[in-house]
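Below you'll find the structure, written out as structure tokens, and then a few comments.
None of these values were measured; they are calculated from a predicted model.
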Amino acid sequence: QVQLVESGGGLVQAGGSLRLSCAASGRTFSSFTMGWFRQAPGKEREFVAVHRWSRRSIYFADYPDSVRGRFTISRDNAKNTVYLQMNSLKPEDTAVYYCAAQPTNLRLGLTKGDYDYWGQGTQVTVSS
């Protein structure tokens with residue numbers, strides 16, 4: 001069983017920055033595929049970022065066009081923690097942000113179904 005605890009959400013003005021953290025349990029965290037998703041009121045949960053171990057023995061990150069260049073996912077394996085640095089925030093980034101984990105690198109990690117474990121979510125509100 002993997003437990004995920006997010007932190008770092010809050011209220012920020014448009015153009016500002018926030019860094020979300022997600023602490024994970026699990027002795028093999030370095031091999032986990034870690035992702036971030038978000039869900040705005042009345043909308044589906046959508047993919048924001050993924051960080052996984054690739055076949056070329058390096059970590060691979062990917063983002064949708066809506067956040068690419070503004071958001072950066074990273075991890076600290078010594079702390080079993082994944083981060084989401086969010087810069088140049090826009091009001092449309094307002095949502096509950098969820099951390100997700102898959103204890104393998106066998107799935108791309110681009111969809112909700114690729115993950116077995118989810119955090120409780122943290123609210124991010126961007127004011128205009």
Side-chain angles (χ1 to χ4, degrees):
Q1 190 75 10
V2 176
Q3 293 183 327
L4 304 172
V5 179
E6 299 112 330
S7 61
L11 173 64
V12 64
Q13 289 187 332
S17 299
L18 280 175
R19 188 177 80 156
L20 306 183
S21 300
C22 173
S25 63
R27 292 178 294 177
T28 59
F29 175 79
S30 60
S31 65
F32 287 9
T33 294
M34 299 299 298
W36 286 96
F37 288 72
R38 66 186 181 187
Q39 188 166 17
K43 294 188 176 181
E44 293 288 320
R45 190 170 299 188
E46 64 175 3
F47 166 70
V48 173
V50 62
H51 197 264
R52 71 175 188 274
W53 188 251
S54 77
R55 294 181 182 179
R56 292 182 291 174
S57 299
I58 58 174
Y59 280 111
F60 171 82
D62 200 11
Y63 313 87
D65 290 343
S66 58
V67 307
R68 185 175 288 114
R70 299 188 298 122
F71 290 11
T72 302
I73 187 171
S74 62
R75 73 170 70 198
D76 184 337
N77 289 332
K79 296 181 178 179
N80 276 23
T81 299
V82 65
Y83 304 97
L84 184 69
Q85 178 66 44
M86 306 185 293
N87 298 329
S88 303
L89 283 162
K90 305 174 181 180
E92 51 263 44
D93 294 319
T94 295
V96 177
Y97 283 70
Y98 296 90
C99 174
Q102 167 55 239
T104 72
N105 67 342
L106 301 179
R107 305 174 190 169
L108 292 178
L110 303 180
T111 64
K112 294 179 293 185
D114 289 342
Y115 296 91
D116 292 340
Y117 302 99
W118 292 85
Q120 80 286 354
T122 185
Q123 177 70 46
V124 171
T125 303
V126 184
S127 63
S128 57

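To the nearest 0.5 Å, atom SG of residue Cys99 and atom OH of residue Tyr83 are 11.5 Å apart. The CZ atom of Phe29 sits 5.0 Å away from atom CZ of Arg75, with the distance rounded to the nearest 0.5 Å. Going from atom CG of Leu20 over to atom OG1 of Thr81 covers 12.5 Å, rounded to the nearest 0.5 Å. Note that CE of Met86 and CG of Leu18 are 4.5 Å apart. Values are rounded to the nearest 0.5 Å.
Formation of a donor-acceptor pair under 3.5 Å by the Asn80 side chain with backbone atoms of Ala24 is found in this model. The backbone N or O of Thr33 lies less than 3.5 Å from no partner atom in the side chain of Gln102, so there is not a single donor-acceptor pair. Using a distance-only test at 3.5 Å, with no hydrogens or angles considered, a donor-acceptor pair links the side chain of Asn105 to the main chain of Trp53. In this structure, the side chain of Arg68 engages the main chain of Tyr63 through a donor-acceptor pair within 3.5 Å. Arg19 places no side-chain N or O within 3.5 Å of a backbone atom of Gly8 that could act as its donor or acceptor partner.
With contacts defined as side-chain heavy-atom distances shorter than 4.5 Å, the pair Arg52/Leu108 qualifies.
Counting all heavy atoms, side chain and backbone alike, Ser88 lies closest to Arg70 at O-NH1, 2.9 Å. In plain terms, the two heavy atoms of Ala49 and Leu84 that are nearest each other are CB-CD1, 4.0 Å. Of all heavy-atom pairs spanning Phe47 and Asp62, the tightest one is CZ-O, 3.5 Å. Taking all atoms of both residues into account, the shortest heavy-atom contact from Val48 to Tyr97 is CG2-CE2, 4.3 Å.
Transitive grouping of hydrophobic side chains (ILVMFWY, heavy atoms separated by less than 4.5 Å) keeps Phe60 and Phe32 in distinct clusters. Hydrophobic clustering (side-chain heavy atoms under 4.5 Å, transitive across Ile, Leu, Val, Met, Phe, Trp, Tyr) keeps Tyr98 apart from Val67. Connection of Val12 to Phe71 is established within a shared hydrophobic cluster, with ILVMFWY side chains joined at heavy-atom distances below 4.5 Å, either directly or through further cluster members.
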### Query
Between Glu6 and Trp36, does a side-chain contact (heavy atoms from CB on, under 4.5 Å) hold up when you go through it step by step?
CA-CA 10 Å; Glu6 299 112 330; Trp36 286 96; 4.0 Å; yes
### Message
Run Lys79 and Ser21 through side-chain contact (heavy atoms from CB on, under 4.5 Å) and show every step you take.
### Response
CA-CA 11 Å; Lys79 296 181 178 179; Ser21 300; over 6 Å; no
### Query
When you look at Ile73 and Val82, which way does the side-chain contact (heavy atoms from CB on, under 4.5 Å) test go after all the steps?
CA-CA 7 Å; Ile73 187 171; Val82 65; 3.8 Å; yes
### CA sep, side-chain torsions, deciding dist, call: Arg38, Asp93, side-chain contact (heavy atoms from CB on, under 4.5 Å)
CA-CA 9 Å; Arg38 66 186 181 187; Asp93 294 319; 2.9 Å; yes
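Listed by chain and residue number, Val2, Gln3 satisfy the side-chain contact (heavy atoms from CB on, under 4.5 Å) test with Ser25 (two or more places apart in sequence, or in another chain).
With ring centers used as reference points, Tyr115 lies under 6.0 Å from Phe37.
The aromatic rings of Tyr59 and His51 sit parallel, their planes meeting at an angle under 30°, below the 60° perpendicular limit.
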Give the table of side-chain donor-acceptor pairs shorter than 3.5 Å for residues 121-128, with sequence neighbours excluded, one pair per line with atom names and distance.
| residue | atom | partner | partner atom | Å |
| --- | --- | --- | --- | --- |
| Thr122 | OG1 | Gly9 | N | 3.3 |
| Gln123 | NE2 | Ala95 | O | 3.4 |
| Gln123 | NE2 | Thr125 | OG1 | 3.3 |

